[in-house]
Amino acid sequence: MKVLIIGRGLSGRSAGDLLERENVEVVFAAHEDIEKNEFEKEYLDRLFSGLSFIVTSPGISPKIELIKQAILRKIKIIGEFEFGSKFLKSDIIAVTGTNGKTTTVSLIHHILKGFEHSVFLGGNIGIPVSSLVGKDNKNDISVLECSSFQLENIKNFSPKIAAILNISPDHLNRHRTMKNYVKCKFNITKKQTEKDYLILNADDEFLFETPPKTKAQIFFFSTKKRVKGCYVKRNCIYFNDNQKEEKLVSLRGIKLVGEHNLSNILCACLAVFLQTKNKELLKSISGFTAVSHRIEFVKKISGVEFYNDSKATNISSTIVACKSFKNNIHLILGGSDKGYDFDELFKNLPKNVKNIAIFGETRHKIAFSAQNCGFVNYKICDSLEDCTKYLFKKSREKDIVLLSPACASFDCFSNYKERGNFFKKIVEDISDNENINSKKTKKL
(Lines give C-alpha, C1' and ligand atoms only; values in the text may rest on other atoms or scores of the structure.)
Protein backbone atom coordinates (compact mmCIF):
# COMPACT_ATOMS: atom_id res chain seq x y z
CA MET A 1 0.00 0.00 0.00
CA LYS A 2 1.21 3.50 -0.88
CA VAL A 3 -0.22 6.82 0.40
CA LEU A 4 0.55 10.38 -0.68
CA ILE A 5 0.42 13.07 2.03
CA ILE A 6 -0.13 16.66 0.95
CA GLY A 7 1.14 19.03 3.64
CA ARG A 8 4.22 18.44 5.74
CA GLY A 9 3.21 20.39 8.83
CA LEU A 10 2.33 18.82 12.17
CA SER A 11 -0.87 17.18 10.85
CA GLY A 12 0.82 15.73 7.78
CA ARG A 13 3.76 14.38 9.75
CA SER A 14 1.44 12.81 12.35
CA ALA A 15 -0.57 11.08 9.61
CA GLY A 16 2.70 9.85 8.08
CA ASP A 17 3.86 8.44 11.42
CA LEU A 18 0.56 6.61 11.85
CA LEU A 19 0.74 5.11 8.36
CA GLU A 20 4.34 4.05 8.77
CA ARG A 21 3.42 2.25 12.01
CA GLU A 22 0.95 0.32 9.87
CA ASN A 23 3.79 -0.55 7.44
CA VAL A 24 2.37 1.66 4.69
CA GLU A 25 4.69 3.34 2.17
CA VAL A 26 4.38 7.10 2.66
CA VAL A 27 5.20 9.76 0.07
CA PHE A 28 5.06 13.49 0.85
CA ALA A 29 4.16 15.99 -1.86
CA ALA A 30 6.97 18.45 -2.52
CA HIS A 31 6.32 22.05 -1.44
CA GLU A 32 6.59 23.26 -5.04
CA ASP A 33 3.92 20.73 -6.09
CA ILE A 34 1.43 22.33 -3.68
CA GLU A 35 2.03 25.72 -5.31
CA LYS A 36 2.12 24.61 -8.97
CA ASN A 37 -0.74 25.55 -11.29
CA GLU A 38 0.08 22.97 -13.97
CA PHE A 39 1.83 19.61 -14.24
CA GLU A 40 3.23 17.43 -16.98
CA LYS A 41 1.23 14.26 -17.47
CA GLU A 42 4.31 12.05 -17.16
CA TYR A 43 5.15 13.55 -13.77
CA LEU A 44 1.63 12.99 -12.43
CA ASP A 45 1.66 9.42 -13.75
CA ARG A 46 4.76 8.73 -11.66
CA LEU A 47 3.49 10.59 -8.56
CA PHE A 48 0.05 8.96 -8.54
CA SER A 49 1.20 5.49 -9.60
CA GLY A 50 0.10 2.79 -7.15
CA LEU A 51 -1.56 5.20 -4.71
CA SER A 52 -4.24 3.75 -2.42
CA PHE A 53 -5.39 7.20 -1.30
CA ILE A 54 -4.23 10.73 -0.43
CA VAL A 55 -4.21 12.37 3.02
CA THR A 56 -4.39 16.18 3.16
CA SER A 57 -3.53 18.56 5.99
CA PRO A 58 -6.34 20.99 6.97
CA GLY A 59 -4.39 24.02 5.77
CA ILE A 60 -4.28 22.67 2.20
CA SER A 61 -7.01 24.14 0.01
CA PRO A 62 -9.03 21.58 -1.98
CA LYS A 63 -8.75 24.01 -4.90
CA ILE A 64 -5.02 23.44 -5.53
CA GLU A 65 -4.17 21.91 -8.89
CA LEU A 66 -2.58 18.78 -7.43
CA ILE A 67 -5.85 17.82 -5.71
CA LYS A 68 -7.88 18.68 -8.81
CA GLN A 69 -5.70 16.30 -10.82
CA ALA A 70 -6.11 13.56 -8.21
CA ILE A 71 -9.90 13.97 -8.35
CA LEU A 72 -9.83 13.69 -12.15
CA ARG A 73 -7.99 10.39 -11.73
CA LYS A 74 -10.58 9.27 -9.15
CA ILE A 75 -8.04 8.83 -6.35
CA LYS A 76 -9.63 8.81 -2.88
CA ILE A 77 -8.79 11.90 -0.80
CA ILE A 78 -9.26 12.14 2.95
CA GLY A 79 -8.35 14.89 5.42
CA GLU A 80 -5.97 14.13 8.30
CA PHE A 81 -8.73 14.91 10.82
CA GLU A 82 -11.13 12.28 9.48
CA PHE A 83 -8.31 9.85 8.70
CA GLY A 84 -7.06 9.89 12.29
CA SER A 85 -10.55 9.71 13.81
CA LYS A 86 -11.25 6.44 11.94
CA PHE A 87 -8.66 4.71 14.15
CA LEU A 88 -9.88 6.07 17.50
CA LYS A 89 -11.49 3.52 19.83
CA SER A 90 -12.88 6.09 22.28
CA ASP A 91 -16.15 8.01 22.19
CA ILE A 92 -15.74 11.40 20.54
CA ILE A 93 -17.02 14.77 21.76
CA ALA A 94 -16.56 17.16 18.83
CA VAL A 95 -16.98 20.94 19.03
CA THR A 96 -17.17 23.44 16.18
CA GLY A 97 -18.41 26.99 15.69
CA THR A 98 -16.95 30.31 14.61
CA ASN A 99 -15.81 31.38 18.09
CA GLY A 100 -15.18 29.76 21.46
CA LYS A 101 -14.04 26.33 20.25
CA THR A 102 -10.68 26.26 22.01
CA THR A 103 -12.08 27.50 25.32
CA THR A 104 -14.95 25.00 25.20
CA VAL A 105 -12.91 21.89 24.36
CA SER A 106 -10.28 22.92 26.92
CA LEU A 107 -13.01 23.28 29.56
CA ILE A 108 -14.56 19.91 28.65
CA HIS A 109 -11.12 18.32 28.92
CA HIS A 110 -10.56 20.08 32.27
CA ILE A 111 -13.88 18.84 33.67
CA LEU A 112 -13.28 15.28 32.48
CA LYS A 113 -9.94 15.02 34.26
CA GLY A 114 -11.99 13.56 37.11
CA PHE A 115 -13.49 10.92 34.80
CA GLU A 116 -12.72 7.29 35.66
CA HIS A 117 -11.16 6.61 32.24
CA SER A 118 -8.59 8.44 30.11
CA VAL A 119 -9.50 11.66 28.28
CA PHE A 120 -7.65 13.03 25.24
CA LEU A 121 -7.67 16.47 23.63
CA GLY A 122 -6.95 17.06 19.95
CA GLY A 123 -7.92 18.50 16.58
CA ASN A 124 -7.75 22.17 15.67
CA ILE A 125 -6.37 23.03 19.11
CA GLY A 126 -2.94 22.08 17.74
CA ILE A 127 -2.83 18.34 18.48
CA PRO A 128 -3.43 16.26 15.31
CA VAL A 129 -6.00 13.51 15.71
CA SER A 130 -3.56 11.05 14.16
CA SER A 131 -1.21 11.60 17.12
CA LEU A 132 -3.89 10.29 19.52
CA VAL A 133 -4.25 6.95 17.75
CA GLY A 134 -2.96 4.00 19.76
CA LYS A 135 -3.30 5.82 23.09
CA ASP A 136 -7.07 5.50 23.64
CA ASN A 137 -9.28 2.56 24.59
CA LYS A 138 -12.97 1.72 24.29
CA ASN A 139 -14.16 3.43 27.48
CA ASP A 140 -12.06 6.58 27.02
CA ILE A 141 -13.17 9.95 25.61
CA SER A 142 -11.51 12.06 22.93
CA VAL A 143 -12.45 15.76 22.89
CA LEU A 144 -11.85 17.25 19.44
CA GLU A 145 -11.91 20.86 18.27
CA CYS A 146 -13.11 20.98 14.66
CA SER A 147 -12.42 23.83 12.24
CA SER A 148 -14.34 24.43 9.03
CA PHE A 149 -11.21 23.33 7.13
CA GLN A 150 -11.23 19.98 8.93
CA LEU A 151 -14.96 19.47 8.37
CA GLU A 152 -14.92 20.66 4.75
CA ASN A 153 -14.87 17.30 2.99
CA ILE A 154 -15.57 14.73 5.72
CA LYS A 155 -17.67 11.76 4.70
CA ASN A 156 -17.96 9.33 7.62
CA PHE A 157 -16.92 11.25 10.75
CA SER A 158 -19.50 10.41 13.43
CA PRO A 159 -18.96 11.79 16.97
CA LYS A 160 -20.98 10.54 19.92
CA ILE A 161 -21.62 14.17 20.87
CA ALA A 162 -21.33 17.08 18.43
CA ALA A 163 -21.69 20.75 19.39
CA ILE A 164 -22.03 23.89 17.27
CA LEU A 165 -21.35 26.98 19.37
CA ASN A 166 -22.28 29.77 16.95
CA ILE A 167 -22.16 30.78 13.28
CA SER A 168 -20.86 34.08 11.87
CA PRO A 169 -18.80 34.95 8.77
CA ASP A 170 -15.25 33.53 8.76
CA HIS A 171 -12.69 32.09 6.32
CA LEU A 172 -14.61 33.46 3.34
CA ASN A 173 -11.31 33.77 1.47
CA ARG A 174 -11.33 29.94 1.34
CA HIS A 175 -15.02 29.01 1.44
CA ARG A 176 -16.13 31.96 -0.76
CA THR A 177 -19.73 32.09 0.49
CA MET A 178 -21.52 31.82 3.83
CA LYS A 179 -23.54 28.93 2.39
CA ASN A 180 -20.35 26.94 1.84
CA TYR A 181 -19.00 27.88 5.26
CA VAL A 182 -22.22 26.84 7.04
CA LYS A 183 -22.25 23.55 5.12
CA CYS A 184 -18.75 22.79 6.43
CA LYS A 185 -19.83 23.44 10.02
CA PHE A 186 -23.01 21.37 9.64
CA ASN A 187 -20.96 18.43 8.34
CA ILE A 188 -20.13 17.66 11.98
CA THR A 189 -23.53 15.97 12.38
CA LYS A 190 -24.12 14.49 8.91
CA LYS A 191 -23.25 10.91 9.95
CA GLN A 192 -24.59 10.96 13.51
CA THR A 193 -27.22 8.38 14.44
CA GLU A 194 -30.29 8.30 16.68
CA LYS A 195 -28.05 7.21 19.58
CA ASP A 196 -25.90 10.35 19.29
CA TYR A 197 -26.39 13.92 20.54
CA LEU A 198 -26.20 17.28 18.77
CA ILE A 199 -25.81 20.36 20.98
CA LEU A 200 -26.81 23.78 19.60
CA ASN A 201 -26.74 27.36 20.89
CA ALA A 202 -30.34 28.54 21.30
CA ASP A 203 -29.10 32.15 21.59
CA ASP A 204 -27.62 32.05 18.09
CA GLU A 205 -30.53 33.14 15.92
CA PHE A 206 -29.29 31.34 12.81
CA LEU A 207 -28.68 28.00 14.59
CA PHE A 208 -31.97 28.14 16.48
CA GLU A 209 -34.09 28.98 13.43
CA THR A 210 -32.24 26.90 10.82
CA PRO A 211 -30.61 23.95 12.62
CA PRO A 212 -28.83 21.28 10.56
CA LYS A 213 -30.70 18.20 9.45
CA THR A 214 -29.66 15.36 11.70
CA LYS A 215 -30.69 11.97 13.04
CA ALA A 216 -29.12 12.81 16.40
CA GLN A 217 -31.03 13.86 19.51
CA ILE A 218 -30.89 17.67 19.72
CA PHE A 219 -30.24 19.53 22.96
CA PHE A 220 -29.74 23.28 23.41
CA PHE A 221 -27.93 25.65 25.75
CA SER A 222 -28.94 29.23 26.48
CA THR A 223 -27.94 32.14 28.71
CA LYS A 224 -31.35 33.78 28.20
CA LYS A 225 -34.14 31.20 28.27
CA ARG A 226 -35.17 27.77 29.45
CA VAL A 227 -34.56 25.14 26.79
CA LYS A 228 -34.33 21.41 26.37
CA GLY A 229 -30.77 21.15 27.61
CA CYS A 230 -28.82 23.56 29.86
CA TYR A 231 -29.63 27.10 31.00
CA VAL A 232 -28.97 29.51 33.86
CA LYS A 233 -31.30 30.06 36.81
CA ARG A 234 -30.47 31.72 40.14
CA ASN A 235 -26.73 31.70 39.29
CA CYS A 236 -26.74 27.95 38.73
CA ILE A 237 -26.74 25.72 35.66
CA TYR A 238 -29.83 23.55 35.25
CA PHE A 239 -30.53 20.62 32.93
CA ASN A 240 -33.96 19.85 31.52
CA ASP A 241 -34.76 16.93 29.20
CA ASN A 242 -38.44 17.98 28.83
CA GLN A 243 -39.33 15.49 31.56
CA LYS A 244 -37.62 16.87 34.65
CA GLU A 245 -35.44 19.79 35.68
CA GLU A 246 -32.36 19.25 37.81
CA LYS A 247 -29.65 21.51 39.15
CA LEU A 248 -26.20 20.59 37.84
CA VAL A 249 -23.72 23.06 39.32
CA SER A 250 -23.35 26.53 40.85
CA LEU A 251 -21.65 29.31 38.86
CA ARG A 252 -20.17 30.92 41.98
CA GLY A 253 -16.42 31.34 41.80
CA ILE A 254 -16.00 30.89 38.03
CA LYS A 255 -13.02 32.76 36.60
CA LEU A 256 -14.16 33.16 32.98
CA VAL A 257 -15.64 36.59 32.20
CA GLY A 258 -18.23 37.63 29.62
CA GLU A 259 -21.54 36.24 28.34
CA HIS A 260 -19.70 34.43 25.53
CA ASN A 261 -17.80 32.43 28.14
CA LEU A 262 -21.02 31.66 29.99
CA SER A 263 -22.23 30.11 26.72
CA ASN A 264 -19.02 28.10 26.49
CA ILE A 265 -19.50 26.88 30.07
CA LEU A 266 -23.10 25.84 29.39
CA CYS A 267 -22.08 23.91 26.29
CA ALA A 268 -19.21 22.19 28.09
CA CYS A 269 -21.38 21.18 31.06
CA LEU A 270 -24.13 19.89 28.76
CA ALA A 271 -21.66 17.81 26.73
CA VAL A 272 -20.07 16.30 29.83
CA PHE A 273 -23.42 15.55 31.47
CA LEU A 274 -24.87 13.91 28.33
CA GLN A 275 -21.72 11.80 28.03
CA THR A 276 -21.29 10.77 31.68
CA LYS A 277 -24.51 11.65 33.58
CA ASN A 278 -22.12 12.64 36.40
CA LYS A 279 -22.92 16.01 38.04
CA GLU A 280 -19.99 15.80 40.47
CA LEU A 281 -17.49 16.26 37.64
CA LEU A 282 -18.93 19.69 36.85
CA LYS A 283 -17.81 21.22 40.15
CA SER A 284 -14.33 21.63 38.70
CA ILE A 285 -15.44 24.46 36.37
CA SER A 286 -14.59 26.99 39.10
CA GLY A 287 -10.91 26.07 38.76
CA PHE A 288 -10.71 26.72 35.02
CA THR A 289 -9.01 29.90 33.77
CA ALA A 290 -8.99 31.51 30.32
CA VAL A 291 -6.87 29.83 27.64
CA SER A 292 -3.81 31.64 26.34
CA HIS A 293 -4.40 34.29 23.65
CA ARG A 294 -8.16 34.45 24.32
CA ILE A 295 -8.93 37.63 26.31
CA GLU A 296 -5.87 36.75 28.38
CA PHE A 297 -4.83 39.26 31.03
CA VAL A 298 -1.17 40.16 30.46
CA LYS A 299 -0.19 42.94 32.86
CA LYS A 300 -1.18 46.19 34.54
CA ILE A 301 1.19 49.11 33.91
CA SER A 302 0.55 52.49 35.56
CA GLY A 303 -3.07 51.47 36.09
CA VAL A 304 -3.58 50.42 32.43
CA GLU A 305 -4.53 46.77 31.85
CA PHE A 306 -3.25 44.90 28.79
CA TYR A 307 -5.20 41.97 27.32
CA ASN A 308 -4.04 39.51 24.67
CA ASP A 309 -6.87 38.31 22.41
CA SER A 310 -4.68 37.30 19.48
CA LYS A 311 -6.96 34.32 18.79
CA ALA A 312 -9.67 36.78 17.66
CA THR A 313 -9.12 36.27 13.94
CA ASN A 314 -12.60 37.30 12.80
CA ILE A 315 -14.94 40.26 13.27
CA SER A 316 -17.48 38.59 15.57
CA SER A 317 -14.83 37.43 18.06
CA THR A 318 -13.41 40.97 18.28
CA ILE A 319 -16.88 42.40 18.94
CA VAL A 320 -17.39 39.79 21.68
CA ALA A 321 -14.05 40.68 23.26
CA CYS A 322 -14.83 44.41 23.28
CA LYS A 323 -18.23 43.79 24.87
CA SER A 324 -16.53 41.88 27.69
CA PHE A 325 -15.19 45.13 29.21
CA LYS A 326 -16.97 48.16 30.73
CA ASN A 327 -13.93 50.44 31.00
CA ASN A 328 -12.49 52.44 28.10
CA ILE A 329 -10.84 50.27 25.44
CA HIS A 330 -7.91 51.11 23.17
CA LEU A 331 -8.03 48.47 20.45
CA ILE A 332 -5.34 46.98 18.20
CA LEU A 333 -6.62 45.69 14.82
CA GLY A 334 -5.05 44.27 11.69
CA GLY A 335 -3.31 41.33 10.06
CA SER A 336 -3.75 39.23 6.95
CA ASP A 337 -6.93 39.52 4.88
CA LYS A 338 -9.64 36.85 5.18
CA GLY A 339 -12.08 38.64 2.91
CA TYR A 340 -14.12 40.59 5.47
CA ASP A 341 -16.09 43.80 5.08
CA PHE A 342 -14.92 45.69 8.18
CA ASP A 343 -17.94 48.00 8.10
CA GLU A 344 -19.65 45.25 10.09
CA LEU A 345 -17.05 45.63 12.82
CA PHE A 346 -17.39 49.39 13.19
CA LYS A 347 -21.18 49.24 13.13
CA ASN A 348 -21.14 46.91 16.14
CA LEU A 349 -18.27 48.19 18.28
CA PRO A 350 -19.39 49.27 21.76
CA LYS A 351 -19.06 52.97 22.61
CA ASN A 352 -16.32 52.35 25.17
CA VAL A 353 -13.85 51.69 22.32
CA LYS A 354 -12.10 55.08 22.34
CA ASN A 355 -9.02 54.65 20.13
CA ILE A 356 -7.88 52.15 17.53
CA ALA A 357 -4.38 51.42 16.20
CA ILE A 358 -4.14 49.44 12.94
CA PHE A 359 -1.24 47.50 11.41
CA GLY A 360 -0.58 44.76 8.88
CA GLU A 361 -1.87 43.86 5.44
CA THR A 362 -5.44 45.00 6.18
CA ARG A 363 -4.54 48.37 7.71
CA HIS A 364 -5.81 50.52 4.83
CA LYS A 365 -8.92 48.39 4.34
CA ILE A 366 -9.80 48.73 8.04
CA ALA A 367 -9.06 52.48 7.98
CA PHE A 368 -11.41 52.90 5.01
CA SER A 369 -14.21 51.16 6.94
CA ALA A 370 -13.51 53.32 9.99
CA GLN A 371 -13.90 56.47 7.89
CA ASN A 372 -16.95 55.06 6.16
CA CYS A 373 -18.64 54.41 9.51
CA GLY A 374 -17.63 57.71 11.10
CA PHE A 375 -14.99 56.37 13.52
CA VAL A 376 -12.23 59.01 13.50
CA ASN A 377 -10.00 58.05 16.46
CA TYR A 378 -7.76 55.63 14.59
CA LYS A 379 -4.11 55.60 13.59
CA ILE A 380 -2.31 53.49 11.00
CA CYS A 381 0.96 52.15 12.44
CA ASP A 382 3.92 50.32 10.97
CA SER A 383 3.96 47.41 13.42
CA LEU A 384 2.28 45.72 16.36
CA GLU A 385 4.89 47.28 18.61
CA ASP A 386 4.08 50.78 17.35
CA CYS A 387 0.35 50.14 17.87
CA THR A 388 0.87 48.99 21.46
CA LYS A 389 3.12 51.89 22.44
CA TYR A 390 0.84 54.45 20.79
CA LEU A 391 -2.26 53.19 22.60
CA PHE A 392 -0.45 53.01 25.93
CA LYS A 393 0.32 56.74 25.57
CA LYS A 394 -3.37 57.42 24.80
CA SER A 395 -4.53 55.43 27.85
CA ARG A 396 -5.40 56.56 31.35
CA GLU A 397 -5.68 54.68 34.64
CA LYS A 398 -8.27 51.86 34.55
CA ASP A 399 -8.27 51.83 30.71
CA ILE A 400 -7.79 48.65 28.66
CA VAL A 401 -5.29 48.12 25.84
CA LEU A 402 -6.70 45.17 23.91
CA LEU A 403 -5.07 43.18 21.11
CA SER A 404 -8.08 41.69 19.31
CA PRO A 405 -7.07 41.90 15.64
CA ALA A 406 -10.16 40.59 13.76
CA CYS A 407 -7.67 39.23 11.22
CA ALA A 408 -5.41 36.23 10.70
CA SER A 409 -1.74 36.61 11.56
CA PHE A 410 0.01 35.26 8.49
CA ASP A 411 1.18 38.61 7.08
CA CYS A 412 3.68 39.11 9.93
CA PHE A 413 3.60 35.94 12.06
CA SER A 414 3.45 32.18 11.59
CA ASN A 415 0.25 31.90 13.68
CA TYR A 416 -1.88 33.69 16.28
CA LYS A 417 0.20 32.22 19.12
CA GLU A 418 3.39 33.81 17.84
CA ARG A 419 1.53 37.11 17.45
CA GLY A 420 0.13 36.90 20.98
CA ASN A 421 3.48 35.99 22.50
CA PHE A 422 5.14 38.91 20.68
CA PHE A 423 2.47 41.23 22.07
CA LYS A 424 3.18 39.96 25.58
CA LYS A 425 6.89 40.60 25.06
CA ILE A 426 6.11 44.17 23.93
CA VAL A 427 4.07 44.71 27.10
CA GLU A 428 6.93 43.38 29.24
CA ASP A 429 9.34 45.76 27.50
CA ILE A 430 6.97 48.69 28.18
CA SER A 431 6.76 47.60 31.82
CA ASP A 432 10.56 47.44 32.12
CA ASN A 433 10.92 50.92 30.64
CA GLU A 434 8.27 52.32 32.96
CA ASN A 435 10.09 50.83 35.96
CA ILE A 436 13.41 52.33 34.82
CA ASN A 437 11.81 55.76 34.31
CA SER A 438 10.11 55.52 37.69
CA LYS A 439 13.43 54.81 39.43
CA LYS A 440 15.10 57.74 37.63
CA THR A 441 12.27 60.04 38.74
CA LYS A 442 12.62 58.92 42.36
CA LYS A 443 16.37 59.64 42.31
CA LEU A 444 15.72 63.14 40.97
Side-chain angles (χ1 to χ4, degrees), residues 98-100 103 168 255-264 289-335 340 342-360 362-363 365-381 383-407 409 416 419-420 422-428 430-431 434:
T98 304
N99 300 310
T103 297
S168 59
K255 297 179 177 67
L256 296 179
V257 298
E259 188 168 310
H260 65 291
N261 273 325
L262 181 55
S263 290
N264 297 335
T289 56
V291 298
S292 296
H293 312 293
R294 192 69 184 100
I295 317 183
E296 173 193 14
F297 174 72
V298 179
K299 200 158 197 168
K300 181 187 282 190
I301 305 172
S302 301
V304 177
E305 294 186 353
F306 291 79
Y307 282 85
N308 165 31
D309 193 36
S310 181
K311 203 173 190 303
T313 60
N314 57 63
I315 288 170
S316 59
S317 57
T318 296
I319 293 169
V320 164
C322 291
K323 289 182 177 179
S324 298
F325 300 100
K326 293 181 180 179
N327 292 355
N328 290 340
I329 295 171
H330 306 275
L331 177 64
I332 302 171
L333 295 173
Y340 300 138
F342 289 99
D343 284 13
E344 187 68 21
L345 172 63
F346 287 97
K347 289 174 182 176
N348 290 281
L349 279 181
K351 292 182 179 179
N352 59 323
V353 177
K354 301 302 181 184
N355 293 283
I356 291 177
I358 314 166
F359 77 109
T362 54
R363 60 192 183 278
K365 186 176 181 181
I366 294 172
F368 179 82
S369 286
Q371 290 178 338
N372 193 42
C373 297
F375 191 98
V376 297
N377 295 330
Y378 70 88
K379 181 178 180 179
I380 295 175
C381 298
S383 66
L384 176 55
E385 184 174 8
D386 289 345
C387 287
T388 309
K389 290 179 177 178
Y390 167 73
L391 291 179
F392 177 57
K393 289 178 181 177
K394 300 288 287 186
S395 303
R396 299 291 179 265
E397 191 174 348
K398 296 184 179 179
D399 285 0
I400 306 291
V401 174
L402 172 65
L403 169 66
S404 190
C407 299
S409 58
Y416 74 85
R419 177 171 62 188
F422 186 64
F423 174 71
K424 289 193 278 188
K425 182 182 181 302
I426 294 167
V427 174
E428 288 297 330
I430 292 173
S431 178
E434 287 294 301

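Positions are given from 1 along the sequence.
Heavy atoms of other residues, nucleotides or ligands lying less than 6.0 angstrom from CZ of Phe368 number 12 at most. Around the NZ atom of Lys365, the shell of radius 6.0 Å holds more than 12 heavy atoms that belong to other residues, nucleotides or ligands.
Considering every non-hydrogen atom in both Ile295 and Asp309, the closest pair reads N-OD1, 2.9 Å. Across all non-hydrogen atoms, the minimal contact from Ala367 to Ile380 is CB-CD1, 3.8 Å. The minimum heavy-atom distance linking Asn348 with Lys323 is given by the pair O-CE, 3.8 Å. Of all heavy-atom pairs spanning Cys322 and Asn352, the tightest one is O-ND2, 4.2 Å. Scanning both residues, Phe375 and Phe346, for their nearest heavy atoms gives CB-CD2, 3.9 Å.
With rounding to the nearest 0.5 Å, the separation of CG in Asn327 from CD1 in Ile400 is 5.5 Å. Note that OG of Ser324 is 7.0 Å distant from CG of Asn261, once rounded to the nearest 0.5 Å. Separation of atoms CG (Leu403) and CD1 (Ile332) is listed at 5.0 Å; rounding is to 0.5 Å. Rounding to the nearest 0.5 Å places NZ of Lys300 at 12.0 Å from CZ of Phe306. Atoms CD1 and OH, from Ile366 and Tyr378 in turn, are 11.5 Å apart once rounded to the nearest 0.5 Å.
Taking Glu428 as the reference, Lys299 meet the salt bridge (charged side-chain N to carboxylate O under 4.0 Å, His left out) condition, with sequence neighbours excluded. The side-chain hydrogen bond (donor to acceptor under 3.5 Å, both in side chains) test applied to Thr103 returns no partner, not counting sequence neighbours. Every residue two or more places apart in sequence or in another chain that forms a side chain to side chain contact (heavy atoms under 4.5 Å, CB included) with Ser383 is listed here: Glu385, Asp386.
Residues Leu333 and Leu345 form a side-chain contact, since some pair of their non-hydrogen atoms from C-beta on lies under 4.5 Å apart. Contact of the Ile315 side chain with the Ser168 side chain is not registered, since no non-hydrogen atoms from C-beta on lie closer than 4.5 Å. Counting heavy atoms from C-beta outward, Phe392 and Ile426 have side chains that stay 4.5 Å or more apart. Side-chain contact check for Leu331 versus Ser404: some heavy-atom pair is nearer than 4.5 Å.
Screening Ile329, Thr318, Val353 for a side chain to side chain contact (heavy atoms under 4.5 Å, CB included) involving Leu402 leaves a single residue, Ile329. A side chain to side chain donor-acceptor pair (under 3.5 Å) with Ser310 is found for exactly one of Arg294, Arg419, His293, Lys424, namely Arg419. A side chain to side chain donor-acceptor pair (under 3.5 Å) with His330 holds for exactly one of Asn377, Asn355, Thr388; it is Asn355.
With hydrogens and angles disregarded, no donor-acceptor distance shorter than 3.5 Å links the side chain of Asn308 to the backbone of Val298. Checked by atom type and distance alone, the side chain of Ser395 pairs as donor or acceptor with a backbone atom of Leu391 at under 3.5 Å. For the pair Thr362 (side chain) and Gly334 (backbone), a donor-acceptor distance under 3.5 Å is absent.
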Walk me through whether Lys311 and Ser317 qualify under side-chain contact (heavy atoms from CB on, under 4.5 Å).
CA-CA 8 Å; Lys311 203 173 190 303; Ser317 57; over 6 Å; no

Step-by-step side-chain contact (heavy atoms from CB on, under 4.5 Å) determination, Phe423 to Cys387: CA-CA 10 Å; Phe423 174 71; Cys387 287; over 6 Å; no

